[in-house]
Amino acid sequence: MSDDLSQNIKAYQEVVYEKSPVVEAYFELVHFVRKLRTDFTKTTKAYKVGNVSEGYMDFTYFPIFNEELREKKLKYGIVLNHQLMQFELWLMAHNESGKRKYWNQLKNTPWNEEKTEEMKYSVLEAVLEVEPDFSDLDRLSQKVINQCLLEMEAINPYL
């Protein structure tokens, strides 16, 4: 084990312990994304949702799809970006060749015009909520869902 890893583990232990504010905040954020998923299913029947992926303390998300997206081997995801603490909508392909295909198809769209290379996980990304206000979770949920539906409506014609 390297000294850097040992130091990182000590720093990790300092912030991750029972009743730690970091652990509690992470739990509450994941819980909110689960609520967002449930609220999404109540808001629209046009899309189905998959399970919440908690990620590695970097991204927490759930996939959104319909039959048309499935046929194209695509799905959307409502993503909580933990580092930037913002909600994003990602368009994702099922594999690397699909990702490359749709990147080439969508690289000149308004969402990707400033990107110079493919993104690591997605074909396209849109910010849904830059500075989420977690003091009213019902209101935040509806804001994210409404913005998500608007963005998907705008993106779908490009697919």
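Distance alone, capped at 3.5 Å, is enough to place a donor-acceptor pair between the Gln105 side chain and the Tyr158 backbone. Although no hydrogens or angles enter the test, the distance criterion places no donor-acceptor pair under 3.5 Å between the side chain of Asn95 and the main chain of Lys73. A distance-only check finds a donor-acceptor pair linking the side chain of Lys99 to the backbone of Met119 [under 3.5 Å]. Panel note: side chain Asp39, backbone Arg37; no donor-acceptor pair is recorded below 3.5 Å. Between the side chain of Asp136 and the backbone N or O of Arg139 there is at least one donor-acceptor pair closer than 3.5 Å. Distance alone, capped at 3.5 Å, places no donor-acceptor pair between the Ser53 side chain and the Tyr61 backbone. Between the side chain of Thr38 and the main chain of Arg34, a donor-acceptor pair closer than 3.5 Å is present. Listed for the Asn66 side chain is no donor-acceptor partner under 3.5 Å among the backbone atoms of Tyr47.
More than 12 heavy atoms of other shown residues, nucleotides or ligands fall within 6.0 angstrom of atom NZ in Lys35. Atom NZ of Lys115 has more than 12 heavy atoms from other residues, nucleotides or ligands within 6.0 Å. Environment of OH in Tyr17: crowded, with over 12 heavy atoms of neighbouring residues, nucleotides or ligands closer than 6.0 Å. The 12-atom threshold is exceeded at NE2 of His94, counting heavy atoms of other residues, nucleotides or ligands nearer than 6.0 Å. In Tyr12, the OH atom is not crowded: 12 or fewer heavy atoms of neighbouring residues, nucleotides or ligands sit closer than 6.0 Å.
Linking Ile, Leu, Val, Met, Phe, Trp and Tyr residues whenever their side-chain heavy atoms come within less than 4.5 Å leaves Phe59 and Val123 in two separate clusters. Following chains of ILVMFWY side-chain contacts shorter than 4.5 Å, one can reach Ile64 starting from Leu91, so the two form part of one hydrophobic cluster. If you chain together hydrophobic residues whose side chains sit under 4.5 Å apart, Met92 and Val49 never meet in one group. Residues Val15 and Val30 share a hydrophobic cluster, clusters being chains of Ile/Leu/Val/Met/Phe/Trp/Tyr side chains in contact below 4.5 Å.
To the nearest 0.5 Å, atom CG of residue Asn81 and atom CG of residue Leu128 are 11.5 Å apart. One distance of note links OH of Tyr76 with SG of Cys148; it measures 8.5 Å at 0.5 Å rounding. To the nearest 0.5 Å, atoms CD (Gln7) and CD1 (Ile9) are separated by 11.0 Å. To the nearest 0.5 Å, atom OG1 of residue Thr60 and atom CD1 of residue Ile78 are 13.0 Å apart. A distance of 7.0 Å separates OH in Tyr121 from CH2 in Trp90, rounded to the nearest 0.5 Å. Remark: Asn146 CG to Thr43 OG1 distance equals 7.0 Å, nearest 0.5 Å.
Contact annotation: the side chain of Val144 never approaches that of Gln147 to less than 4.5 Å [non-hydrogen atoms, C-beta and beyond]. The shortest distance between side-chain heavy atoms of Leu159 and Leu106 falls below 4.5 Å. In this structure, Asn108 and Glu113 have side chains that are not in contact, with every pair of non-hydrogen atoms separated by 4.5 Å or more. Within the 4.5 Å cutoff, the side chain of Val79 has no heavy atoms near those of the Val33 side chain. For the pair Lys48/Thr41, no side-chain contact is recorded, criterion being any heavy-atom separation below 4.5 Å from C-beta on. Under the 4.5 Å side-chain criterion, counting only non-hydrogen atoms from C-beta, Leu29 is in contact with His82. Put simply, the side chain of Glu129 does not reach to within 4.5 Å of the side chain of Gln86, judged on heavy atoms. A 4.5 Å side-chain heavy-atom check between Trp103 and Asn112 finds at least one atom pair inside the cut-off.
Considering Phe62, Tyr26, Phe87 in turn, Phe87 is the only one that fulfils the ring-ring contact (aromatic ring centres under 6.0 Å, His included) rule with Phe32.
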Steps toward side chain to side chain contact (heavy atoms under 4.5 Å, CB included) verdict (Met152, Leu89): CA-CA 8 Å; Met152 291 190 304; Leu89 176 68; 3.7 Å; yes

Trace of the side chain to side chain contact (heavy atoms under 4.5 Å, CB included) decision for Leu140 with Phe134: CA-CA 7 Å; Leu140 176 57; Phe134 290 96; 3.7 Å; yes

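Of all the heavy atoms in Gly98 and Ala93, the pair that sits closest is C-CB, 3.5 Å.
The pair Glu24-Lys19 does not count as a salt bridge, with every side-chain nitrogen at least 4.0 angstrom from each carboxylate oxygen. Between Glu68 and Lys72, at least one side-chain N (NZ, or NE/NH1/NH2) sits under 4.0 Å from a carboxylate O, which counts as a salt bridge.
With no hydrogens or angles considered, a side-chain donor-acceptor pair links Trp111 and Glu151 at under 3.5 Å.
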